[in-house]
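Everything below concerns the one structure shown next.
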Number of protein chains: 2
Amino acid sequence: MNPGAVTSVPDTEPAVAALVDILGDAVVTDPDRMLAYRRDQSLLTPAGMPLALVRARDTDDVVATLTVAHRHGIPVVTRGAGTGLAGAANALDGGIVLSVEKMNAILEIDPESRTATVQPGVINGDLAAAAAEQGLWYVPDPGSRAVSTIGGNLATNAGGTCCAKYGVTADHVARIKAVLADGQIIHTGATTRKNVAGLNLTQLLVGSEGTLAVIVEATVRLRAAATAAATVVASFPDTAQAVAAVLAIREQAEPCLVELMDRTTIAAVEDMTHMGLDQTAGALLLVQCDGRDAAAEAEVCALACTAAGATEVYDTADPVEGEEFMAARRVALTALERCGSTLLDDLAVPVPRLPEMLAAVETIAARHDLLIGTFGHAADGNLHPTIVFDAADESVARRARQAFDEMVAECLALGGSISGEHGIGVLKQPYLETQVGTVERALMHRIKAAFDPTGILNPGRGI
Amino acid sequence: MNPGAVTSVPDTEPAVAALVDILGDAVVTDPDRMLAYRRDQSLLTPAGMPLALVRARDTDDVVATLTVAHRHGIPVVTRGAGTGLAGAANALDGGIVLSVEKMNAILEIDPESRTATVQPGVINGDLAAAAAEQGLWYVPDPGSRAVSTIGGNLATNAGGTCCAKYGVTADHVARIKAVLADGQIIHTGATTRKNVAGLNLTQLLVGSEGTLAVIVEATVRLRAAATAAATVVASFPDTAQAVAAVLAIREQAEPCLVELMDRTTIAAVEDMTHMGLDQTAGALLLVQCDGRDAAAEAEVCALACTAAGATEVYDTADPVEGEEFMAARRVALTALERCGSTLLDDLAVPVPRLPEMLAAVETIAARHDLLIGTFGHAADGNLHPTIVFDAADESVARRARQAFDEMVAECLALGGSISGEHGIGVLKQPYLETQVGTVERALMHRIKAAFDPTGILNPGRGI
């Protein structure tokens, strides 16, 4: 039996009637209007045809939706902006899609306690901008921040480029208000910086991909305003030297960003931008330092790059110039997407294992005659090898999936994690038990049952 | 068997026989030899008479103990060094005390991945020293670090003075190996810095006070060697001005330590040490900054103290001199203990609420005619109001408990947490549901059941 699957046959007609009765035009059942809510941004993941879409306006709507779904045994897939990359927000056949995108109010920014309380549909970038207006900084910066929601960021424990120094989304959340499968509301965590009262429900909800509860409000921590960053750009003959630089840097500095691009990615970016990247380089490293001592710290990083074998090193304390270099990294995925369909992976290995992981990606690309561009967050050991292929060609698509499998297997062999920041969703389900273990996965399912005894919340995803 | 006897009464004799049979002289049943294992360091918490003490030598011993306990329905209280302050490690009548103090091997320090893998009985200070030998830093520094174990630190999510900048024990753990109530072994987490595969079992175990599983191994993260700290000492006419300084400091700097002592604590420390503290001061603030720019950052903090109304401010980049000032804070509890029995509280409030909390403590002390000295981690809003009283005088002890209750109530009214770093144990049980909520507490109990279906692990504690 598929763990987490809903076993009873749902009684769908009365369920939809009950939803419409309570929620009115927040309920959409027109298949055309539901189309845009069927998928996230992942490839190779199945998406079902939902029974209904609920566009929740407030917590009451979420409670009503779950109460009906619980009573009728109908699966519920919660979604924010649908920018996920693992299929966790794809609709299930005969299920309800619960969109929280309309719950997008920033309820409070409290400069004194340095917290923001938001609804789940708030766009990450909107929160960051609102905080900045008050001289504060919402740190987590997933690549999707201009469009992705805080609810989705929490559900997947989204990363970003700042994690090397400042951690992931989980490290910046203080409290969560959520609705359990049966409609009961819970509040977790505390606004205090330290709190050891009871079990850590907050960290259990973060990254649970909609399988435990529906987040309807979150209080996140803010920091003092970000300082200007100093930037280092270094090109290396090969990725191993770039990683050696990363290891040397962490002995002497604590950069807020350490991003890596391989030869394939450099070429794609240069083709698109003509910004003058060194196309003979095997790897490009981008490093940023912030804080009171940013310029001096960046110089230390630049020296470490030179010592590790960089052929070109440039550092600047000018934020505008730094931002221009950062643009190269920001467009990496877009540049690769211009070359074909992309299957973006999300693997994390211990930093010293990065050279082996990068070499394995190259070997796998050659073996399957595929283009794979790799970029990622080097200081976290978190890589995004991106397979570029013709999705219309079935044999190529099959090879792409095969290469994907092999990269994941190599990552596990190196003591890595099958997902650093995108989540498990549907895409990584086949590998989950290999990483976490059979006893552990069974335990996760029992924990899910403690939140969701009838298994209606995103069944078959995440865990 | 007595007909009609309750069948769930544990069948203790065969259980002890089974333990002795498997574990030999690791099992102690002599009441005198068990005495030292009946209590932690908390006052006002009941301690039972255990059936047996198991001094586990390895994971197999833990598995055997839990397998027997599970089969016979006997409660198990796990303990490290017994330095807890909430009674979580106190024995239960007719239960097993499972000591992991002999499992004290540092299994590996890996400078490349910057992790240490240790058994639970390793003393925090021993790990820190071993890491320092390799030029690395194990950051969490609870006041008990010279004697408390990593297992206990994890079980209570211990804090310390470094949390303002570097977080609590939870923020430094990568992996946990633990034994479930039925003897099954689980591994949680990953050594990679980012990992979103499945539910966060690691953070669920941290702070769970022995209620979910028995930690038998942990991999913790290390940082690059600590840099020399620059120190600021400032005295203020009253605590409100000291807190104003804390709020001003965080706008401009990120100190690694911000400790506060009130008038009563200053007097007790001065009486003991004659180190020349300003006894006319209403509050003393100790601030330390580290990193590349420590001295300049400390100067910024010193200026903020002056601006906030400090009457004396002294700053030094000399680590030896800084350590002398820190000694005043380190002996705070010892100095108060010289004045009588102490009931140490552990309350966390949002930092801007500190003046109200401190004022409330003074009011409560006056109302009950008690001496209460307060010190704590000001940047975290985490205070340890310490009631000094004559425990032999029943009426005074009653007033002390009453004052304790009132301080906790005031903390909750200020949006605080009933425990910042000591845990709930037995001591804080009466207040837990008020903080976390009824639905939430019931959920915690269901989660416990997912780990421990028969409820043998530290029942009635923690959650």
Side-chain angles (χ1 to χ4, degrees), chain A residues 112-113 156-157 159 163 168 184-188 190-201 203-204 206-208 224 250-251 292-293 296-297 348-352 380-382 415-424 428 432 435-437 439-441 443-444 446-447 449-451 463, chain B residues 112-113 156-157 159 163 168 184-188 190-201 203-204 206-208 224 250-251 292-293 296-297 348-352 380-382 415-424 428 432 435-437 439-441 443-444 446-447 449-451 463:
Chain A
E112 249 205 341
S113 74
T156 56
N157 192 10
C163 310
V168 291
Q184 288 192 97
I185 292 173
I186 59 169
H187 293 84
T188 75
T191 51
T192 54
R193 179 145 178 153
K194 287 155 88 175
N195 168 41
V196 293
L199 300 179
N200 197 335
L201 301 178
Q203 293 300 325
L204 197 52
V206 173
S208 65
R250 70 171 188 180
E251 297 303 314
R292 302 169 49 84
D293 203 30
E297 199 176 337
V349 295
V351 179
D380 306 321
N382 186 193
S417 171
I418 59 173
S419 179
E421 56 184 15
H422 294 171
I424 300 304
K428 293 283 175 79
L432 179 64
Q435 180 176 332
V436 302
V439 173
E440 293 81 354
R441 193 174 182 209
L443 176 59
M444 290 176 189
R446 293 198 300 276
I447 293 169
F451 283 82
I463 55 174
Chain B
E112 247 204 343
S113 74
T156 55
N157 192 9
C163 310
V168 291
Q184 289 193 95
I185 292 173
I186 59 168
H187 293 85
T188 75
T191 51
T192 55
R193 180 147 177 148
K194 285 154 89 176
N195 168 42
V196 293
L199 301 180
N200 196 336
L201 301 179
Q203 293 299 326
L204 197 52
V206 174
S208 64
R250 70 171 189 183
E251 296 304 314
R292 302 169 49 85
D293 203 32
E297 201 177 337
V349 295
V351 179
D380 306 321
N382 187 194
S417 170
I418 58 172
S419 180
E421 56 183 15
H422 294 171
I424 300 304
K428 293 284 176 77
L432 179 64
Q435 179 176 332
V436 302
V439 173
E440 293 80 355
R441 194 172 181 209
L443 176 60
M444 290 176 189
R446 293 200 298 276
I447 293 168
F451 283 81
I463 55 174

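Proteins come first, then strands; the chains are lettered A, B, ... in the order of their sequence lines, and each starts at number 1.
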Which one, [options], leads in non-hydrogen pairs under 4.5 Å with chain B?
options                        : value
A/S208, A/G198, A/A224         : A/G198
A/I418, A/D293, A/V206, A/N195 : A/N195
A/V349, A/N157, A/L443         : A/L443
A/A190, A/A348, A/A197, A/G207 : A/A197

For [X], is it the side chain, the backbone, both, or neither that has a heavy atom closer than 4.5 Å to a heavy atom of chain B?
X      : result
A/N382 : side chain
A/A296 : both
A/V436 : both
A/L201 : side chain
A/Q184 : side chain
A/L432 : side chain
A/T156 : backbone

**Study point:** Most chain A-contacting option - heavy-atom pairs closer than 4.5 Å, from B/I463, B/T191, B/D380
**Key:**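 Highest number of pairs under 4.5 Å: B/D380.
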Practice item. Counting only heavy atoms closer than 4.5 Å, note whether B/Q435 contacts chain A via side chain, backbone, both or neither. Key: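 Contact with chain A: side chain only.
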Review point. Chain A heavy atoms under 4.5 Å from B/A450: which part of the residue, side chain, backbone, both or neither?
Key: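 Interface part for B/A450: both.
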Exercise for review: Evaluate side chain to side chain contact (heavy atoms under 4.5 Å, CB included) for A/V196 paired with B/H422, printing each intermediate quantity in order.
Suggested key: CA-CA 7 Å; A/V196 293; B/H422 294 171; 6.0 Å; no
Review point. Once you round to the nearest 0.5 Å, how far does CZ of A/R446 lie from CG of B/L199?
Key: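 Between atom CZ of A/R446 and atom CG of B/L199 there are 12.0 Å.
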**Study point:** Test side chain to side chain contact (heavy atoms under 4.5 Å, CB included) applied to A/V439 and B/I185, step by step
**Key:** CA-CA 8 Å; A/V439 173; B/I185 292 173; over 6 Å; no
**Study point:** Set of salt bridge (Lys or Arg N to Asp or Glu O under 4.0 Å) partners for B/R250, sequence neighbours left out
**Key:**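 None.
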Check your understanding: Got a sec, which residues hit salt bridge (Lys or Arg N to Asp or Glu O under 4.0 Å) with A/E421, two or more places apart in sequence or on another chain?
Key ->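 Here the qualifying residues are B/K194.
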Exercise for review: Decide yes or no on side chain to side chain contact (heavy atoms under 4.5 Å, CB included) for A/I447 and B/L204, but give the supporting numbers first.
Suggested key: CA-CA 11 Å; A/I447 293 169; B/L204 197 52; 3.8 Å; yes
Point to revise | Contact summary for B/S417 and A/T192, nearest pair of heavy atoms | key: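 Closest approach of B/S417 to A/T192: CB-OG1, 3.7 Å.
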Practice item. Mark yes or no for whether A/E440, through its side chain, and B/H187, through its backbone, hold a donor-acceptor pair below 3.5 Å. Key: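 Yes; at least one donor-acceptor contact below 3.5 Å.
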